[in-house]
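See below for the structure under consideration.
First listed ligand is number 1; within each ligand, the first listed atom is number 1. Only heavy atoms go into these numbers, but all of them, side chains included; no hydrogens, no water, no symmetry mates.
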Amino acid sequence: MLGVERMSKAIRLSRLFNGQTGNTVLLPVDHGILGEVQGLEDPIEVLERLIPLGVDGVLMNNGIRLRSESLFYGRLAPSRILSSDTFYLEEGAMHHDLIAMPETALQAGCDCVKVLLFWNRPGSENMHNIRMISELVKEAERCQIPVMIEPLLYDPVPDAKTKIKALTDATRIAYELGADILKVVHPGEHEVLKQWVGKFKVPLVMLGGGLNGGVDDLIRLVDQAVKAGVRGVAIGRNVWQRPKEESERVMRMFTEVVHGRIS
Ligand SMILES: O=C(CO)COP(=O)(O)O
């Protein structure tokens with residue numbers, strides 16, 4: 001029985017990655033949980049437009065999961081990752097909690113849950129996050145749902161070396177808490193990314209952050225990350241905050257670079 005349960009988590013995890021290349025192009029459209037977002041006024045339209053261009057998985061909240069279900073019918077449809085938390089800041093204090101449990105993902109046929117790990121916050125908040133993620137990992141294990149953890153620094157760290165140290169600590173903590181996938185910020189140094197790939201024995205995917213730069217720089221960054229061993233991207237705003245045609249071009253180029261068809 002234990003073997004069967006373990007296998008089910010491995011199968012769900014494998015559904016996030018292309019069977020041939022082992023890599024993945026994930027499209028996050030979960031930003032609306034923080035309020036209106038430019039480019040994501042109609043997430044369903046974004047999904048209808050971009051999924052056919054080669055998306056392997058979509059990251060979304062439960063409401064969009066309910067409204068978009070028919071886009072995921074069929075054997076060739078992308079996998080779905082359910083965002084399981086949200087946060088807001090009030091008078092400098094961060095409130096961060098779970099809003100969707102692994103059981104919901106299980107019942108909905110999603111393949112993974114995703115949670116943020118903010119680091120470099122006051123000790124009580126860091127501790128709250130650690131406790132919350134530990135509970136989520138325990139519950140996800142019971143449901144055999146993989147957990148994607150996204151280690152982030154919320155407060156800006158201007159010094160590059162200090163930032164790398166804090167991000168490496170945060171990623172390490174996410175790994176220790178039981179991440180099946182790490183969704184990481186590019187640390188700013190190729191060698192550091194390579195070291196992360198070497199020491200964290202789970203797949204790493206790279207997030208994008210706010211819209212910045214041109215398409216060529218973005219594609220070059222993704223290409224280098226994949227060459228460092230990163231298994232794909234989970235990039236949202238740098239895709240769908242661009243003009244429609246450009247966003248579609250970026251999506252096509254992601255699939256080519258991530259799956260090694262061009263470089
Ligand atoms: O996955 C993400 C949000 O859940 C990352 O999105 P961005 O690329 O917009 O930072």
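- Not counting sequence neighbours, D56 has no partner by the salt bridge (charged side-chain N to carboxylate O under 4.0 Å, His left out) test.
- Put simply, the side chain of Y175 never gets that close to the backbone of L182: no donor and acceptor are under 3.5 Å apart.
- Relative to the six-membered ring of F17, R231 meets both conditions, a distance below 6.0 Å and an angle of at most 45° to the axis.
- The side-chain contact (heavy atoms from CB on, under 4.5 Å) search around L76 returns none, not counting sequence neighbours.
- Remark: the T171 side chain and the W196 side chain contain no N/O donor-acceptor pair separated by less than 3.5 Å.
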Please produce the table of protein N or O atoms sitting under 3.5 Å from N or O atoms belonging to ligand 1, one pair a line, distance to 0.1 Å.
residue	atom	partner	partner atom	Å
ligand 1	1 (O)	K183	NZ	2.3
ligand 1	4 (O)	D30	OD1	2.8
ligand 1	4 (O)	D30	OD2	2.9
ligand 1	4 (O)	K183	NZ	3.3
ligand 1	6 (O)	H31	NE2	3.1
ligand 1	8 (O)	G208	N	3.2
ligand 1	8 (O)	G236	N	2.8
ligand 1	9 (O)	H31	NE2	2.7
ligand 1	9 (O)	R237	N	2.9
ligand 1	9 (O)	R237	NE	2.7
ligand 1	10 (O)	G209	N	2.8
ligand 1	10 (O)	R237	NH2	2.8

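- Qualifying side-chain contact (heavy atoms from CB on, under 4.5 Å) partners for S247, counting only residues two or more places apart in sequence or in other chains: R49, L50, V239, R242.
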